Protein chains: 2
Amino acid sequence: MAVIEDELSLVFSALADPTRRAILERLAHGDATVNQIAEPFAMTQQAVSKHLKVLERARLISRTRTAQSRPCVLDTERLDAVAGWIERHRRIWAGRHDRLDRHLAALQATQRRDGETPR
Amino acid sequence: MAVIEDELSLVFSALADPTRRAILERLAHGDATVNQIAEPFAMTQQAVSKHLKVLERARLISRTRTAQSRPCVLDTERLDAVAGWIERHRRIWAGRHDRLDRHLAALQATQRRDGETPR
DNA sequence: AGTTTGCACAACCAATTGGTTGTGAGACGT
DNA sequence: ACGTCTCACAACCAATTGGTTGTGCAAACT
């Protein structure tokens, strides 16, 4: 339905998949080929290739052609945009909370664990 | 396909829609009823209601029942988790770019708090 | 009591997503 | 030259997404 999709939406939806986040974590430790990336996952090479295309479209990774392999490299710039958006809104919301002195929502802030369950 | 979806994926995919981000921006300026939220959008009230349900499932907003209206309130906590993820990865990636990759193994070991263990 | 307002549930629809298998191109090893 | 390895394209499929209309409940207004 969304023919044209803004950058932010592309990045967020690319990050909305555990497999793709795992791929990014893998790449954070060093560049890798498609097969190296695909190896730990319980899915076909083609499926991983699709995920890489999504990440590439969101410009979270870029790829070069070295002989017959297509090494994947992280692209930091995109993540800065997302971090910027988040930070802006965090600030607004934090301000709102101080002003309104709402319910003791601050108590929930002790929970800082984000569990991931890859397949 | 993803029957069980982790918190992070829920939040990211909730943020991956411009309409929903606009709703959050609207709510940042104050609580609002469904109709107030729906007013500026060129879509039906039911569609907005669906978006609100997505945001609620991602726990980016919470709702109370006040008489016949269902005011929406922002929930900051979730965004902290996302900001945390982003920040962690930004650091790793930044480190990768202006440092020697070899020495990073130690650093990333200390920063890995969300167990993404693909297998 | 009857009407209006605020909201959500249900059924439907087209487009997208995330996976599969099948296939084939291009670079490498021998 | 031949086989192998790396990777992506195409066709297909089920499930999900993002919208619609139709409907109906519950609270509020008159």
Side-chain angles (χ1 to χ4, degrees), chain A residues 1-6 8-24 26-27 31-58 60-73 116-119, chain B residues 1-6 8-24 26-27 31-58 60-73 118-119:
Chain A
M1 244 144 214
V3 181
I4 45 130
E5 224 173 342
D6 56 298
L8 216 42
S9 297
L10 278 179
V11 178
F12 274 131
S13 67
L15 292 176
D17 186 289
T19 302
R20 284 192 294 261
R21 289 198 303 277
I23 289 175
L24 291 179
R26 165 67 184 84
L27 286 178
D31 303 350
T33 67
V34 175
N35 279 339
Q36 286 169 345
I37 293 168
E39 185 261 344
F41 295 104
M43 66 179 76
T44 62
Q45 162 260 315
Q46 290 93 325
V48 173
S49 215
K50 278 194 182 183
H51 281 302
L52 290 176
K53 208 152 72 173
V54 173
L55 291 171
E56 200 176 9
R57 206 163 92 89
L60 282 163
I61 68 173
S62 61
R63 323 183 62 176
T64 52
R65 175 162 273 308
T66 302
Q68 84 276 34
S69 54
R70 307 280 323 271
C72 302
V73 192
E116 297 261 341
T117 26
R119 27 243 59 221
Chain B
M1 248 146 203
V3 181
I4 46 133
E5 225 173 341
D6 55 298
L8 216 41
S9 297
L10 279 179
V11 178
F12 274 131
S13 66
L15 291 176
D17 186 288
T19 303
R20 283 192 294 262
R21 290 198 303 276
I23 290 174
L24 291 179
R26 165 67 184 83
L27 286 178
D31 302 353
T33 68
V34 175
N35 278 339
Q36 286 170 346
I37 293 168
E39 185 260 345
F41 294 103
M43 65 179 75
T44 61
Q45 162 260 314
Q46 290 92 327
V48 173
S49 214
K50 277 195 183 183
H51 281 301
L52 290 175
K53 208 152 73 173
V54 173
L55 291 171
E56 198 176 12
R57 207 164 91 88
L60 282 164
I61 68 174
S62 62
R63 322 184 62 178
T64 51
R65 175 163 272 304
T66 299
Q68 87 275 34
S69 55
R70 307 280 322 272
C72 302
V73 191
R119 187 94 358 190

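Convention: sequence-line order gives letters A, B, ...; per-chain numbering from 1. Nothing here was measured: the structure is a model prediction, and the numbers come from that model.
Taking CD of B:Glu56 as the start and CG of B:Leu10 as the end, the distance is 12.5 Å to the nearest 0.5 Å.
Taking only side-chain nitrogens and oxygens, B:Lys53 comes nearer than 4.0 Å to OP1 or OP2 of C:dC9. At least one side-chain nitrogen or oxygen of B:Thr44 sits closer than 4.0 Å to the OP1 or OP2 atom of D:dT20. Taking 4.0 angstrom as the limit, B:Arg63 places a side-chain polar atom (N or O) nearer than this to OP1 or OP2 of C:dA8. Between B:Ser49 and the phosphate of C:dA8, there is a side-chain N or O to OP1/OP2 separation shorter than 4.0 Å. At C:dT5, none of the side-chain N or O atoms of B:Asn35 fall inside 4.0 Å of OP1 or OP2 (strictly under the cut-off).
Between the CD atom of A:Gln45 and the P atom of D:dA8 there is a distance of 7 Å, given to the nearest Å. One atom, CZ of A:Arg57, and another, C1' of C:dT17, lie 12 Å apart when rounded to the nearest Å. The interatomic distance linking B:His51 (NE2) with C:dA8 (C1') rounds to 15 Å, in whole Å. Going from atom CD1 of B:Ile37 over to atom P of C:dG6 covers 13 Å, rounded to whole Å. Taking atom CG on A:Asp17 and atom P on C:dT17, their separation rounds to 11 Å, with Å as the unit. Put simply, NZ on A:Lys50 is 18 Å from P on D:dC7, counting in whole angstrom units. In this structure, CG of A:Leu55 is placed 11 Å from P of C:dG18, rounded to the nearest angstrom. Residue A:Phe12 contributes atom CZ, which lies 20 Å from atom C1' of C:dT16 at whole-angstrom precision.
Nearest-nucleotide positions on DNA chain C for A:Arg20 and A:Gln46 put A:Arg20 closer to the 5' end. In terms of position along DNA chain C, the nucleotide closest to B:Val34 lies nearer the 5' end than the nucleotide closest to the other residue of the pair A:Val54 and B:Val34.
Closest contact between the side chain of A:Met43 and the listed nucleotides C:dG19, D:dC7, D:dG19 involves C:dG19.
Counting heavy atoms from C-beta outward, A:Phe41 and A:His51 have side chains that stay 4.5 Å or more apart.
Just one of A:Leu55, A:Leu60, A:Ile61 meets the side chain to side chain contact (heavy atoms under 4.5 Å, CB included) condition when paired with A:Arg20; it is A:Leu55.
Checking side-chain atoms of A:Arg26 against main-chain N and O of A:Ile37 turns up no donor-acceptor pair under 3.5 Å.
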Evaluate the side chain to side chain contact (heavy atoms under 4.5 Å, CB included) criterion for residues A:Leu24 and A:Leu15: first the C-alpha distance (whole Å), next the side-chain angles of each, then the deciding distance (0.1 Å), finally the verdict.
CA-CA 9 Å; A:Leu24 291 179; A:Leu15 292 176; 3.5 Å; yes
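Nucleic acid contact for B:Ser13: none, since no nucleic acid atom lies under 4.0 Å from a heavy atom of the residue.
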